[in-house]
Peer 1: 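Please read through the structure below; I'll follow up with questions.
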Amino acid sequence: MKNIATLTLFVLLINTFCYGQNPYKYSKPKDLDDGWKTAHLSLQNVDTTKIYQLFEQIHNGKNRLHSVLLVKNDQIIIEEYFNDHFSNKQHDLRSTTKSIRSILLGIAIDKGFIDSIDDPISKYLKNPVPTKNLDKRKDKITIRHLLTMSPGFDCNDWDKKSKGQEDKVYKKRDWLQYTLNLPMVNEPGAVSNYCSMGVVLLVEIISQASKMTIDKFSEQYLFNPLGITNISWGHTSDKKVIPSGKRLYMTSRDMAKIGQLILNNGKWNDKQIVSEKWIEESTTPKTKITGIDYGYLWWNIPFKINEKVIISKTATGNGGQYIMIFPKLNMVAVFTGGAYNSQEDKFPFAIMKNIFLPTFINEK
């Protein structure tokens, strides 16, 4: 997470909303026959005072939150929508899609489409191939390097001078060819920089290896088994975007299913969707990006609560799209928002740190 250290600034936001005239009324999340069980918050044996205060302030104040869901012990206990959003409305996941792509790669390995993440990308990516800035180091780039954002390309989304910065690539006609033609600036595996185009290459590898576009692959092997149908793939670019470059649009309840899949070590309703080994491996730190632990397209975000450190396995997206998994608490939190390119998109971290985590750590 870029600049996550600034989230302390947003701790203050919780106390700066003005109390409105409309008191918050909690409602048990609805049973929608979508595979989710729901439960009333009052059954959790916790002090709900701070939670009620939080939502009263959010509903009556100005903010760019779109949804907040909390799953505890396999049941949705909190489901709130704001700013004209609702339960069956799809939301642009932005880079949260990257973490779901990590799951898809695990499935591709489980199904035998890909042999090993230590294979060179050239084993599967037959077209295109590099035609410029030819460098022997490119032959060493493996799938693992794409997963840890360390292919060595001049590709850093958080450096406007980088030739592979995503906004620059979006203006190009052929994203794959342009990325493969980037100059090498590091040995593969040496340095991790946030590189969205490397993940696009990863998705193209899944597609070419399976001979399926990513939407068809994910539908057959991930979304159908999870009972997820209200999805689409798209992009904000006004140019034609290849399937491997598109990102997901999903509902908050379905985002929570992704979180629950991780929490349950790859299982949904006792069916193994992706191997437990892959879930463990992909969500365990392998490198650091801007000083924060990073696995295979999953962040490990630490929260310090009452001298305890609680780790969240986290998918993040610009604007405030988050799937946070807390294995020690058997809990999943989902947030969506519209704070694009703004540090206000870190507000959910303040909610977790100051409201939800203290509440459930002190569970009676």
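Every heavy atom of this structure was used, including side-chain atoms; hydrogens, water molecules and symmetry mates were not.
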Peer 1: Donor-acceptor pairs are to be reported for all side-chain atoms of residues 324-340 against protein atoms at under 3.5 Å, with residues two or more places apart or in another chain.
Peer 2:
unit_1: N330; atom_1: ND2; unit_2: N73; atom_2: OD1; d: 3.0
unit_1: T336; atom_1: OG1; unit_2: S67; atom_2: N; d: 3.2
unit_1: T336; atom_1: OG1; unit_2: S67; atom_2: OG; d: 2.6

Peer 1: Is the shortest distance from a Lys or Arg side-chain nitrogen in R137 or D135 to a carboxylate oxygen in the other one below 4.0 Å?
Peer 2: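 Looking at R137 and D135, the cut-off is met.
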Peer 1: Hey, what do you get for NZ (K171) to CG (D167), rounding to the nearest 0.5 Å?
Peer 2: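 Between K171 NZ and D167 CG, I get 7.5 Å after rounding to 0.5 Å.
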Peer 1: Is K286 positioned over the aromatic face of Y296, cation under 6.0 angstrom from the ring centre and no more than 45 degrees off axis?
Peer 2: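 Here K286 passes the 6.0 Å and 45° test against Y296.
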Peer 1: Does D293 pair with K288 as a salt bridge, N-O distance under 4.0 Å?
Peer 2: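 Yes, this pair counts.
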Peer 1: Can you label the angle between the F217 ring and the Y221 ring as parallel, tilted or perpendicular, going by 30° and 60°?
Peer 2: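 F217 and Y221: tilted rings.
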Peer 1: Over 60° means perpendicular and under 30° means parallel, so classify the ring planes of F82 and H59, tilted if in between.
Peer 2: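 Judged by the thresholds at 30° and 60°, the geometry between H59 and F82 is tilted.
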Peer 1: Per the disulfide (SG to SG under 2.5 Å) rule, what does the pair list look like for residues 44-99, sequence neighbours excluded?
Peer 2: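 Sorted pair list comes back empty.
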Peer 1: For residues 205-268, which residue pairs pass the disulfide (SG to SG under 2.5 Å) check, not counting sequence neighbours?
Peer 2: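 Disulfide (SG to SG under 2.5 Å) check on residues 205-268 returns no pairs.
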Peer 1: Any donor and acceptor pair, going by atom type alone, linking the side chain of T97 with main-chain N or O of L248 inside 3.5 Å?
Peer 2: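 Yes, the answer is positive, given that a donor and an acceptor are paired below the 3.5 Å cut-off.
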Peer 1: Do F153 and V129 share a hydrophobic cluster (ILVMFWY, side-chain heavy atoms under 4.5 Å, transitive)?
Peer 2: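 Different hydrophobic clusters.
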Peer 1: In chain order, what residues pass the side-chain hydrogen bond (donor to acceptor under 3.5 Å, both in side chains) check against Y170, with sequence neighbours excluded?
Peer 2: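 Only E166 meet the side-chain hydrogen bond (donor to acceptor under 3.5 Å, both in side chains) criterion with Y170.
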Peer 1: Just grab all the disulfide (SG to SG under 2.5 Å) pairs involving residues 173-272, residues at least two apart or on different chains.
Peer 2: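 Of all non-adjacent pairs touching residues 173-272, those that pass disulfide (SG to SG under 2.5 Å) are C155-C195.
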Peer 1: Decide, yes or no, whether a salt bridge links K28 with E79 under the criterion of side-chain N to carboxylate O below 4.0 Å.
Peer 2: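 No, this pair does not count.
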Peer 1: So, does Q272 use its side chain to make a donor-acceptor pair with the main chain of V274 at under 3.5 Å?
Peer 2: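 Checked: pair present.
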Peer 1: Among side-chain atoms of S162 and D154, is any donor-acceptor pair under 3.5 angstrom?
Peer 2: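 Yes, because at least one side-chain N or O of S162 sits under 3.5 Å from a partner of the opposite role on D154.
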Peer 1: Could you list all the disulfide (SG to SG under 2.5 Å) pairs where at least one residue sits in residues 54-124, not counting sequence neighbours?
Peer 2: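 Qualifying pairs, neighbours excluded: none.
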Peer 1: Below 4.0 angstrom, N of the basic side chain to O of the carboxylate: do K277 and D110 qualify?
Peer 2: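 Between D110 and K277 there is no salt bridge, as every charged N stays at least 4.0 Å from the carboxylate O atoms.
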Peer 1: Carefully, step by step, assess N230 and N88 under the rule side-chain hydrogen bond (donor to acceptor under 3.5 Å, both in side chains).
Peer 2: CA-CA 8 Å; N230 185 13; N88 64 346; 5.8 Å; no
Peer 1: Please check if the number of heavy atoms outside K163 that lie under 6.0 Å from its NZ is greater than 12.
Peer 2: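 No, because the 6.0 Å sphere around NZ of K163 holds 12 heavy atoms or fewer from other groups.
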Peer 1: Can you say whether the rings of H66 and H91 are parallel (under 30°), tilted (30 to 60°) or perpendicular (over 60°)?
Peer 2: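 Plane angle between 30° and 60°, so tilted.
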Peer 1: Could you check, using the six-membered ring where one of them is a Trp, whether W298 and W278 have ring centers closer than 6.0 angstrom?
Peer 2: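 No, the ring centres sit 6.0 Å or more apart.
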